[in-house]
Structures are given as C-alpha cells and as structure tokens.
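Written out below as structure tokens is the structure these notes cover.
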Amino acid sequence: MHDLTRCVQHPEISREGFRSLAVPTYRASTIIYEDGESFAARSQRGFDGYTYGLHGTPTTRTLEAQLTALHHGVRTVLVPSGQMAVTLVFLTFLLPGDHVLVPDSAYGPVRNVCRDYLRPRGIDYTIYDPLTDAGIAELIHDRTKLVWVESPGSGTMEVQDIPAIVQAAKARGVMVGCDNTWCTPLLFKPLNHGCDFAAEALTKYVGGHSDLLLGSITVRDIALRQRMKEVLRSLGVGVSPDEVALALRGIETMGVRLAHVGRVSEAFARRLQDHPLVEQVLHPCLPSCPGHEFWARDIGGSGGVFSIVLKPGAEAALNPALTAMKVFAIGASWGARAASSRPCR
Ligand SMILES: *Cc1c(COP(=O)(O)O)cnc(C)c1O
C-alpha cells in the first residue's frame, strides 16, 4: 500500500476484551454504509438511524437517552444552547397567526425572541404574570398554541403553579412547555405534571463547570420530537459530540453537586434575610418568595441560584462591594468554581 494511502486509513484493531466506563466520543460528518443499496435507502433509517453526523452519533444518542429516562419522556432533542432549546419549540410549533403566552419572569432573551423574531413574522405573544395560575385561562384565545412556563423564574424567582396552568391549557387544547433549568429532572419532572416539553440549559447543572453550552428538549410524544428534528435538519443545526462528551461527564456528578449547592444556597439565603441592607430574599425555599407554596408542594429541593432585593440606597455600595470580592467573579450565568485570582496584568 502506498504511504499516502496508509496515512488516510486507520488500521482495524481488535476491540475484544475492551470495555470502558467512559462513553466514547464519536466525531463524524460522513457516516459510511455497507453497500450501495443501504446508502440509497438511508432516508428510510428514520430519525433514530444514523445517516450523517449532524443528525446524531452514538455519543449524542447516549445523552439523549439518559435525559429521556430522567424526565420520564420518550425522546430528547439536543441543541447547541439553552436559549435554542426554548426557541426550537417556538420555531417548530408556532406559525404566522398563532399566539404564545410567556411569563414575565422568563429568561430575558426569550422575551427578546418574541419581540424581535416572532412578532415581525406574524406570531403574536402575551407576557403574563407568572403568579397567574388557573387565571391563565382568560389569556388563552383561539389562536393560542402554546403556554410557556419557567419555574422558578429568572431573576424574580416566582414559582409557578404548573399543574393549574397545565389543566387550564389542556382544557383548551393548548400545549405547555417548561424551562426546567433551575430544577433539573432531579427536582422536578415537567412531563409528569402534564407539560408537553421539558426544556433545559444543560450549560448549567448538567455541564456544571462553565465550559460548555448545550440545551435539550424532552417530550412524551414522539411526533413532537419528529417535528423538531425536521426543523433542525432543515436549518442544519446539530451539536458537537465533544460538548456532549463533557455533558455526559458532568451529568454523573450532577446529583451530588445539586444536593450540595441546594444546601448551601438555602443556608445562605436564610442568613441574608437578617442582613441590614437586604429588603427581601427571593429564594423558593423561603415563605417570602412568591409561589413558595408551589415550591413546597411540587419541588421541595433547591438549585443554587437566588436573588436578593437591596434596601433603597444600597445601590451606591453595590459596585464597590462587587469589585472588592476576592473569591467570587462577576459574570453572566450561574457560577461554578470560585475564580482563583484576578487576571494578571
Ligand atoms: C442560562 C439559561 C438559559 C439559556 O441557556 P444557554 O445555554 O446559556 O443559552 C435558558 N433558560 C434559563 C432559565 C437559563 O438560566
């Protein structure tokens, strides 16, 4: 064999007796076929078959199956970010003329996509009070296709009465999607409560180390998964197996990490309640948090993120206090390890 040919042919080696606990990272664009017939019939492999790297590899399928099992769903779709997990549901199921309900407490960029992308394309939206429970029924009209929930909400931390919202939506044949990033399937399983979509930013607790971006949508109805996969296929969106490999590693320790941050955040929130500059602590575990009763009924455990409202006048001290911090770094997202030091100059 010519040396140049050898360079492009990895030799076959024995795999007998080799089993690892790690999930192999399969990187692929091209996927190869046994013969001309199977190549010609590749479209009949369906969405679960392997046809092209963009649409899935055994690495991505492993994480999908793991999230599906955790959520008691039937399938999971992976996307490149948590934001895309939310927008994929919107882009797939909302058509011009349709209407979506989005809570005031939703992750900020979700509101932006409604205003800047959906509305110019003839898809209408209403921002609703996240503490509207069964009252959501009054906001649903004939064109309403989807109710979005996010609980606890971003920043303002309201815990929503998801069962009541689901009941009102289902009575009108409206789908419900839930951004479940704070809870993860370990604290709350939206599909068990009647939601059609459980969306998550895996960037946060599944990843766990501030070094990856990934999102997921888990469904109970395979038809919903097929439609989202068709949109991803048309748009040419897939996820990197390297990101997924990091997520597969991260998810192994998610249980212990979440239990720890939950304990620490609850204790820290209780402590801050007595601080002279703090007006209100917004942590779902505290009765002072709007929707605390739904947290106690449906969730009962905690993620790490919570908010505080400072007393009037405390703003002036905020920036100097943030700048003076030695262990905590300043940035968008949910935090991970402590920053070891200020950048070198
Ligand atoms: C971070 C976050 C997202 C977006 O996740 P990215 O992967 O950063 O795009 C969506 N929803 C919630 C609640 C989040 O905290």
Side-chain angles (χ1 to χ4, degrees), residues 60 63-64 67 71 76-91 100 102-118 125 127 130 146-160 162 176-190 195 197-218 228 232 235 237-240 242-244 246-248 250-251 254 257-258 261-262 265 282-284 289-291 295 299 301-307 329-336:
T60 57
L63 181 61
E64 288 171 5
L67 292 167
H71 270 296
T76 295
V77 175
L78 295 176
V79 288
S81 70
Q83 170 69 358
M84 177 103 218
V86 182
T87 55
L88 180 64
V89 176
F90 291 8
L91 294 185
V100 57
V102 175
D104 202 14
S105 53
Y107 177 67
V110 173
R111 186 194 290 252
N112 298 347
V113 81
C114 292
R115 186 193 60 210
D116 301 336
Y117 192 91
L118 298 184
Y125 69 99
I127 303 290
L146 177 70
V147 177
W148 197 251
V149 298
E150 182 185 318
S151 179
S154 289
T156 42
M157 303 305 295
E158 296 91 342
V159 185
Q160 298 194 261
I162 292 178
V176 181
C178 176
D179 184 332
N180 198 51
T181 302
W182 192 87
C183 284
T184 82
L186 298 180
L187 297 179
F188 186 73
K189 300 188 198 302
C195 293
F197 306 96
E200 277 178 23
L202 307 181
T203 307
K204 308 289 167 56
Y205 289 136
V206 169
H209 297 79
S210 303
D211 57 2
L212 70 90
L213 287 153
L214 218 49
S216 65
I217 310 108
T218 307
M228 289 189 286
L232 290 177
L235 296 179
V237 176
V239 298
S240 157
D242 290 296
E243 299 285 279
V244 171
L246 288 173
L248 283 165
I251 203 170
M254 181 170 72
R257 283 188 283 105
L258 195 66
V261 296
S265 83
L282 299 170
H283 190 302
C289 186
W295 173 85
I299 303 174
S302 292
V305 171
F306 65 96
S307 302
I330 307 158
S333 200
W334 284 13

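FYI, side chains are in, hydrogens and waters are out, and symmetry mates aren't considered; it's all heavy atoms of this structure. Counting starts at 1 for both ligands and their atoms, in listed order.
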Going by the order shown, which atoms of ligand 1 are within less than 4.0 Å of some heavy atom of G82?
4 (C), 5 (O), 6 (P), 7 (O), 9 (O)
Check: E158 main-chain N/O paired with T156 side-chain donor or acceptor under 3.5 Å:
no
Quick check: does any side chain N or O of R111 sit under 3.5 Å from a backbone N or O of A106, one acting as donor and the other as acceptor?
no
Donor-acceptor check, side chain of Q83 to backbone of P109, threshold 3.5 angstrom: yes or no?
yes
Quickly, which of L88, V89, T60 forms a side-chain contact (heavy atoms from CB on, under 4.5 Å) with V77? Name it, please.
L88
Atom 11 (N) of ligand 1 sits nearest the protein heavy atom D179 OD2, 2.6 Å
Below 3.5 angstrom, do we get any N/O pair linking E150 and ligand 1?
no
Output yes when a side-chain donor or acceptor of S265 lies under 3.5 Å from a complementary backbone atom of G303, and no otherwise.
yes
Please indicate whether any nitrogen or oxygen in S154 is less than 3.5 Å from any nitrogen or oxygen in ligand 1.
no
Starting from atom 15 (O) of ligand 1, find the nearest protein heavy-atom neighbour and note its residue, name and distance.
K204 NZ, 2.6 Å
Can the ring centres of W148 and F90 be said to be less than 6.0 Å apart?
yes
W334, portion touching ligand 1 at heavy-atom distance under 4.0 Å:
side chain
What atoms in ligand 1 come closer than 4.0 Å to a heavy atom of Q83?
4 (C), 5 (O), 6 (P), 9 (O)
Hey, is M84 touching ligand 1 through its side chain, its backbone, both or neither, going by heavy atoms under 4.0 Å?
neither
